[in-house]
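Working notes, structure below.
Chain naming here is simple, since letters A, B, ... match the order of the sequence lines and numbering starts at 1 in each.
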2 protein chains.
Amino acid sequence: MTISEVSKKYNLTADTIRYYEKEGIIPRVQRTKNGIRDFDENTCSWIEFIKCMRNAGLEIEILKQYVTLFKQGIRTIKERKMLLEEQRNKLLEKQKNINATLDRLNQKIKWYEDMEKGKKDFMENP
Amino acid sequence: MTISEVSKKYNLTADTIRYYEKEGIIPRVQRTKNGIRDFDENTCSWIEFIKCMRNAGLEIEILKQYVTLFKQGIRTIKERKMLLEEQRNKLLEKQKNINATLDRLNQKIKWYEDMEKGKKDFMENP
DNA sequence: TATTGACTTGGAGCGAACTTTAAGTGATAT
DNA sequence: ATATCACTTAAAGTTCGCTCCAAGTCAATA
(Lines give C-alpha, C1' and ligand atoms only; values in the text may rest on other atoms or scores of the structure.)
Protein backbone atom coordinates (compact mmCIF):
# COMPACT_ATOMS: atom_id res chain seq x y z
CA MET A 1 0.00 0.00 0.00
CA THR A 2 1.18 3.49 -0.82
CA ILE A 3 1.11 6.35 1.62
CA SER A 4 -1.92 7.96 -0.04
CA GLU A 5 -3.91 4.74 0.22
CA VAL A 6 -3.06 4.42 3.88
CA SER A 7 -3.81 8.09 4.31
CA LYS A 8 -7.31 7.58 2.95
CA LYS A 9 -7.84 4.36 4.86
CA TYR A 10 -7.16 5.93 8.23
CA ASN A 11 -8.05 9.51 7.45
CA LEU A 12 -4.64 10.85 8.37
CA THR A 13 -2.62 13.11 6.08
CA ALA A 14 0.40 11.61 4.34
CA ASP A 15 2.47 14.21 6.17
CA THR A 16 1.23 13.00 9.52
CA ILE A 17 2.07 9.41 8.65
CA ARG A 18 5.59 10.41 7.54
CA TYR A 19 5.95 12.40 10.74
CA TYR A 20 4.89 9.38 12.81
CA GLU A 21 7.49 7.25 11.09
CA LYS A 22 10.22 9.86 11.57
CA GLU A 23 9.34 10.13 15.25
CA GLY A 24 9.40 6.35 15.56
CA ILE A 25 5.86 5.86 16.83
CA ILE A 26 5.20 3.50 13.98
CA PRO A 27 7.89 1.05 12.87
CA ARG A 28 10.13 1.96 9.95
CA VAL A 29 8.18 1.42 6.73
CA GLN A 30 9.64 -0.70 3.91
CA ARG A 31 10.52 1.02 0.63
CA THR A 32 10.23 -0.14 -2.96
CA LYS A 33 13.45 -0.21 -5.02
CA ASN A 34 12.92 3.46 -5.84
CA GLY A 35 12.47 4.58 -2.29
CA ILE A 36 8.68 4.72 -2.07
CA ARG A 37 6.99 3.57 1.14
CA ASP A 38 5.18 0.24 0.88
CA PHE A 39 2.90 -0.35 3.87
CA ASP A 40 2.14 -3.90 4.96
CA GLU A 41 -0.59 -5.27 7.24
CA ASN A 42 1.50 -4.99 10.37
CA THR A 43 2.39 -1.38 9.78
CA CYS A 44 -1.27 -0.63 9.14
CA SER A 45 -2.22 -2.18 12.49
CA TRP A 46 0.33 0.07 14.14
CA ILE A 47 -1.08 3.12 12.43
CA GLU A 48 -4.56 2.17 13.51
CA PHE A 49 -3.39 1.61 17.07
CA ILE A 50 -1.47 4.88 17.21
CA LYS A 51 -4.42 6.75 15.74
CA CYS A 52 -6.68 5.40 18.46
CA MET A 53 -4.22 6.36 21.18
CA ARG A 54 -3.66 9.83 19.73
CA ASN A 55 -7.42 10.36 19.48
CA ALA A 56 -7.62 9.94 23.21
CA GLY A 57 -4.73 12.36 23.65
CA LEU A 58 -1.79 10.09 24.51
CA GLU A 59 1.43 11.97 23.85
CA ILE A 60 3.81 11.23 21.00
CA GLU A 61 6.65 10.94 23.50
CA ILE A 62 4.84 8.24 25.51
CA LEU A 63 3.92 6.30 22.40
CA LYS A 64 7.54 6.52 21.27
CA GLN A 65 8.56 4.97 24.57
CA TYR A 66 6.03 2.20 24.11
CA VAL A 67 7.25 1.40 20.61
CA THR A 68 10.86 1.43 21.82
CA LEU A 69 10.03 -1.06 24.57
CA PHE A 70 8.07 -3.16 22.13
CA LYS A 71 11.05 -3.38 19.81
CA GLN A 72 13.20 -4.64 22.67
CA GLY A 73 11.06 -7.75 22.87
CA ILE A 74 9.51 -9.91 25.51
CA ARG A 75 11.77 -8.83 28.37
CA THR A 76 10.11 -5.38 28.49
CA ILE A 77 6.62 -6.70 29.09
CA LYS A 78 6.47 -5.58 32.70
CA GLU A 79 7.56 -2.07 31.77
CA ARG A 80 5.10 -1.89 28.91
CA LYS A 81 2.29 -2.92 31.20
CA MET A 82 3.24 -0.20 33.67
CA LEU A 83 3.36 2.40 30.93
CA LEU A 84 -0.10 1.43 29.74
CA GLU A 85 -1.48 1.45 33.28
CA GLU A 86 -0.15 4.95 33.78
CA GLN A 87 -1.83 6.10 30.60
CA ARG A 88 -5.05 4.41 31.65
CA ASN A 89 -4.97 6.40 34.87
CA LYS A 90 -4.46 9.60 32.95
CA LEU A 91 -7.44 8.78 30.76
CA LEU A 92 -9.61 8.01 33.77
CA GLU A 93 -8.69 11.41 35.14
CA LYS A 94 -9.56 13.03 31.84
CA GLN A 95 -12.83 11.18 31.79
CA LYS A 96 -13.68 12.62 35.19
CA ASN A 97 -12.94 16.15 34.02
CA ILE A 98 -15.04 15.70 30.94
CA ASN A 99 -17.94 14.29 32.94
CA ALA A 100 -17.79 17.19 35.38
CA THR A 101 -17.80 19.66 32.52
CA LEU A 102 -20.62 17.85 30.75
CA ASP A 103 -22.74 18.06 33.89
CA ARG A 104 -22.06 21.71 34.06
CA LEU A 105 -22.81 22.33 30.41
CA ASN A 106 -26.07 20.41 30.75
CA GLN A 107 -27.10 22.56 33.68
CA LYS A 108 -26.31 25.73 31.79
CA ILE A 109 -28.06 24.62 28.66
CA LYS A 110 -31.10 23.77 30.70
CA TRP A 111 -30.96 27.17 32.33
CA TYR A 112 -30.86 28.83 28.92
CA GLU A 113 -33.80 26.72 27.77
CA ASP A 114 -35.81 27.79 30.79
CA MET A 115 -34.83 31.38 30.13
CA GLU A 116 -36.12 31.13 26.59
CA LYS A 117 -39.40 29.79 27.88
CA GLY A 118 -39.53 32.72 30.28
CA LYS A 119 -39.55 30.36 33.19
CA LYS A 120 -36.66 31.91 35.04
CA ASP A 121 -36.02 35.32 36.37
CA PHE A 122 -33.00 36.98 34.91
CA MET A 123 -30.02 36.28 37.08
CA GLU A 124 -26.88 35.74 35.11
CA ASN A 125 -23.77 34.02 36.31
CA PRO A 126 -20.87 32.57 34.32
CA MET B 1 -8.22 39.32 46.64
CA THR B 2 -4.79 39.64 45.10
CA ILE B 3 -3.65 37.63 42.14
CA SER B 4 -1.45 35.38 44.27
CA GLU B 5 -4.37 34.53 46.54
CA VAL B 6 -6.55 33.67 43.57
CA SER B 7 -3.66 31.76 42.09
CA LYS B 8 -3.45 29.59 45.20
CA LYS B 9 -7.19 29.23 45.50
CA TYR B 10 -7.62 27.81 42.01
CA ASN B 11 -4.19 26.35 41.51
CA LEU B 12 -3.45 28.39 38.41
CA THR B 13 -0.30 30.46 37.97
CA ALA B 14 -0.59 34.23 38.21
CA ASP B 15 0.70 34.35 34.64
CA THR B 16 -2.13 32.14 33.48
CA ILE B 17 -4.71 34.33 35.19
CA ARG B 18 -3.21 37.47 33.63
CA TYR B 19 -3.19 35.70 30.28
CA TYR B 20 -6.88 34.81 30.69
CA GLU B 21 -7.71 38.42 31.42
CA LYS B 22 -5.64 39.67 28.49
CA GLU B 23 -7.38 37.21 26.18
CA GLY B 24 -10.74 38.25 27.54
CA ILE B 25 -11.91 34.86 28.76
CA ILE B 26 -12.47 36.31 32.18
CA PRO B 27 -13.90 39.81 32.57
CA ARG B 28 -11.53 42.75 33.05
CA VAL B 29 -10.38 42.73 36.68
CA GLN B 30 -10.72 45.85 38.88
CA ARG B 31 -7.52 47.59 40.02
CA THR B 32 -6.67 49.33 43.26
CA LYS B 33 -5.63 52.99 43.04
CA ASN B 34 -2.06 51.88 42.35
CA GLY B 35 -2.98 49.51 39.56
CA ILE B 36 -3.00 46.19 41.38
CA ARG B 37 -5.66 43.63 40.49
CA ASP B 38 -8.38 43.21 43.09
CA PHE B 39 -10.49 40.12 42.41
CA ASP B 40 -14.11 40.03 43.55
CA GLU B 41 -16.51 37.12 43.97
CA ASN B 42 -17.87 37.37 40.48
CA THR B 43 -14.47 37.32 38.85
CA CYS B 44 -13.58 34.31 40.98
CA SER B 45 -16.64 32.46 39.73
CA TRP B 46 -15.55 33.19 36.20
CA ILE B 47 -12.09 31.85 36.90
CA GLU B 48 -13.53 28.71 38.40
CA PHE B 49 -15.84 28.27 35.43
CA ILE B 50 -13.09 28.82 32.90
CA LYS B 51 -10.80 26.45 34.74
CA CYS B 52 -13.42 23.72 34.58
CA MET B 53 -13.99 24.29 30.86
CA ARG B 54 -10.27 24.35 30.10
CA ASN B 55 -9.78 21.13 32.08
CA ALA B 56 -12.10 19.43 29.67
CA GLY B 57 -10.21 20.91 26.74
CA LEU B 58 -12.54 23.68 25.53
CA GLU B 59 -10.54 26.11 23.42
CA ILE B 60 -9.58 29.61 24.52
CA GLU B 61 -11.09 30.98 21.32
CA ILE B 62 -14.48 29.38 22.03
CA LEU B 63 -14.51 30.60 25.61
CA LYS B 64 -13.64 34.07 24.37
CA GLN B 65 -16.68 33.93 22.11
CA TYR B 66 -18.84 32.84 25.02
CA VAL B 67 -17.64 35.69 27.22
CA THR B 68 -18.17 38.16 24.38
CA LEU B 69 -21.76 36.99 23.93
CA PHE B 70 -22.29 37.07 27.66
CA LYS B 71 -21.18 40.70 27.83
CA GLN B 72 -23.71 41.59 25.15
CA GLY B 73 -26.49 40.65 27.54
CA ILE B 74 -29.77 38.81 27.42
CA ARG B 75 -30.30 39.12 23.67
CA THR B 76 -27.49 36.63 22.97
CA ILE B 77 -29.01 33.81 25.00
CA LYS B 78 -29.97 31.73 21.98
CA GLU B 79 -26.49 32.02 20.55
CA ARG B 80 -24.87 31.17 23.85
CA LYS B 81 -27.02 28.09 24.17
CA MET B 82 -26.03 26.96 20.70
CA LEU B 83 -22.37 27.50 21.47
CA LEU B 84 -22.62 25.41 24.62
CA GLU B 85 -24.51 22.67 22.81
CA GLU B 86 -21.79 22.51 20.20
CA GLN B 87 -19.16 22.17 22.90
CA ARG B 88 -21.22 19.51 24.60
CA ASN B 89 -21.27 17.53 21.37
CA LYS B 90 -17.52 17.84 21.09
CA LEU B 91 -17.12 16.56 24.62
CA LEU B 92 -19.42 13.63 23.96
CA GLU B 93 -17.26 12.77 20.97
CA LYS B 94 -14.14 13.02 23.11
CA GLN B 95 -15.76 10.84 25.71
CA LYS B 96 -16.37 8.19 23.08
CA ASN B 97 -12.75 8.29 21.95
CA ILE B 98 -11.52 7.99 25.50
CA ASN B 99 -13.85 5.10 26.22
CA ALA B 100 -12.71 3.28 23.10
CA THR B 101 -9.09 3.79 24.06
CA LEU B 102 -9.72 2.73 27.64
CA ASP B 103 -11.30 -0.51 26.42
CA ARG B 104 -8.30 -1.12 24.30
CA LEU B 105 -5.82 -0.34 27.05
CA ASN B 106 -7.70 -2.65 29.39
CA GLN B 107 -7.50 -5.47 26.88
CA LYS B 108 -3.79 -4.94 26.39
CA ILE B 109 -3.08 -4.72 30.08
CA LYS B 110 -4.96 -7.93 30.60
CA TRP B 111 -2.95 -9.55 27.84
CA TYR B 112 0.26 -8.46 29.50
CA GLU B 113 -0.94 -9.80 32.83
CA ASP B 114 -1.73 -13.15 31.27
CA MET B 115 1.67 -13.13 29.59
CA GLU B 116 3.34 -12.58 32.95
CA LYS B 117 1.47 -15.52 34.38
CA GLY B 118 2.63 -17.58 31.43
CA LYS B 119 -0.94 -18.14 30.37
CA LYS B 120 -0.53 -16.97 26.82
CA ASP B 121 1.64 -18.02 23.97
CA PHE B 122 3.87 -15.32 22.66
CA MET B 123 2.16 -13.55 19.80
CA GLU B 124 2.81 -9.85 19.81
CA ASN B 125 0.79 -7.22 18.04
CA PRO B 126 0.68 -3.48 18.59
C1' DT C 1 17.05 55.49 53.95
C1' DA C 2 17.72 51.41 51.75
C1' DT C 3 16.15 47.19 50.41
C1' DT C 4 12.95 43.61 50.09
C1' DG C 5 9.01 41.63 47.95
C1' DA C 6 4.67 41.52 45.53
C1' DC C 7 2.81 43.43 42.10
C1' DT C 8 2.56 45.84 37.08
C1' DT C 9 3.40 45.81 31.71
C1' DG C 10 4.63 44.35 26.92
C1' DG C 11 6.76 41.20 24.56
C1' DA C 12 9.72 37.27 23.73
C1' DG C 13 10.24 32.25 24.25
C1' DC C 14 8.74 27.46 24.51
C1' DG C 15 6.98 22.54 23.72
C1' DA C 16 3.74 19.79 21.33
C1' DA C 17 2.06 18.14 17.12
C1' DC C 18 1.68 18.79 13.12
C1' DT C 19 1.97 21.40 8.31
C1' DT C 20 4.17 23.55 4.65
C1' DT C 21 7.87 24.38 1.55
C1' DA C 22 11.57 23.64 -1.62
C1' DA C 23 13.99 20.80 -4.37
C1' DG C 24 14.26 16.52 -6.37
C1' DT C 25 13.19 11.44 -8.45
C1' DG C 26 10.85 8.28 -11.18
C1' DA C 27 6.80 5.93 -13.55
C1' DT C 28 3.14 6.65 -16.59
C1' DA C 29 -0.01 9.16 -20.04
C1' DT C 30 -0.25 12.12 -24.46
C1' DA D 1 9.74 13.49 -25.67
C1' DT D 2 7.52 16.00 -22.47
C1' DA D 3 4.47 16.75 -19.12
C1' DT D 4 1.93 15.17 -15.21
C1' DC D 5 1.56 13.03 -11.00
C1' DA D 6 2.64 10.76 -6.74
C1' DC D 7 6.09 10.21 -4.27
C1' DT D 8 10.87 11.40 -1.66
C1' DT D 9 13.84 14.41 1.81
C1' DA D 10 15.29 17.96 5.31
C1' DA D 11 14.10 21.85 7.28
C1' DA D 12 11.43 25.82 8.25
C1' DG D 13 6.88 27.54 9.66
C1' DT D 14 2.39 27.48 12.29
C1' DT D 15 -0.89 27.21 16.08
C1' DC D 16 -2.13 26.70 20.77
C1' DG D 17 -1.69 27.72 25.43
C1' DC D 18 0.83 29.06 28.26
C1' DT D 19 5.51 30.63 30.62
C1' DC D 20 9.21 33.53 31.32
C1' DC D 21 11.73 37.90 31.18
C1' DA D 22 13.07 42.79 31.70
C1' DA D 23 12.11 46.93 33.47
C1' DG D 24 9.45 49.43 36.42
C1' DT D 25 6.11 50.92 40.57
C1' DC D 26 4.78 50.88 45.18
C1' DA D 27 4.29 49.68 50.28
C1' DA D 28 6.33 47.73 54.19
C1' DT D 29 10.19 46.46 56.93
C1' DA D 30 15.49 46.62 58.85
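The line from OH of B:Tyr20 to CD1 of B:Ile26 is 9.0 Å long, rounded to the nearest 0.5 Å. If you take CG on A:Leu83 and CG on A:Leu63, they are separated by 8.5 Å, rounding to the nearest 0.5 Å.
OP1 or OP2 of D:dT9 has at least one side-chain nitrogen or oxygen of A:Arg37 nearer than 4.0 Å. A close approach under 4.0 Å does not occur between any side-chain nitrogen or oxygen of A:Thr13 and OP1 or OP2 of C:dC18. Within the 4.0 Å cut-off from OP1 or OP2 of D:dC7, not a single side-chain nitrogen or oxygen of A:Arg18 is found. The side chain of A:Tyr20 contributes an N or O atom lying less than 4.0 Å from OP1 or OP2 of C:dC18. Side-chain nitrogen and oxygen atoms of A:Thr16 include at least one within less than 4.0 Å of the OP1 or OP2 phosphate oxygen of C:dT19. Regarding contacts with the backbone of D:dC7, a side-chain N or O of A:Thr2 is found under 4.0 angstrom from either OP1 or OP2.
Atom CD of B:Glu23 is separated from atom P of C:dT9 by 14 Å (rounded to the nearest Å). If you take CG of B:Leu12 and C1' of D:dT19, they are 13 Å apart, rounded to a whole angstrom. Atom CG in A:Asp15 sits about 17 Å away from atom P in D:dG13, given to the nearest Å. One interatomic measurement links the two molecules: CD of A:Glu61 to C1' of C:dG15, which rounds to 11 Å at whole-angstrom precision. Taking atom CZ of residue A:Arg31 and atom P of nucleotide C:dA27, one finds them 16 Å apart after rounding to whole Å. As a whole-Å value, the separation of A:Glu5 CD from D:dC7 C1' is 12 Å. A:Leu58 places its CG atom 10 Å from the P atom of C:dA17, with the value rounded to the nearest Å. In this structure, A:Tyr19 atom OH and D:dA10 atom P are separated by 15 Å, rounded to whole Å.
With DNA chain D read from its 5' end, the first of the two nearest nucleotides for A:Ile3 and B:Ile60 is the one closest to A:Ile3.
Within 4.0 Å of A:Glu59, counting heavy atoms only, lie sugar-phosphate atoms of the nucleic acid but no base atom. B:Asn34 comes within 4.0 angstrom of sugar-phosphate atoms only, judged by non-hydrogen atoms across all strands, and of no base.
Looking at the side chain of A:Lys22, the nearest of the listed nucleotides C:dA6, D:dT8, D:dA11 is D:dA11.
Under a 3.5 Å cut-off, the side chain of B:Lys22 and the backbone N or O of B:Ile17 do not form any donor-acceptor pair. Formation of a donor-acceptor pair under 3.5 Å by the B:Glu21 side chain with backbone atoms of B:Val29 is found in this model.
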Could you go through B:Lys51 and B:Glu48, starting from their C-alpha distance and side-chain angles, then the distance that decides it, and tell me whether this counts as salt bridge (charged side-chain N to carboxylate O under 4.0 Å, His left out)? CA-CA 5 Å; B:Lys51 188 188 170 175; B:Glu48 195 274 325; over 6 Å; no
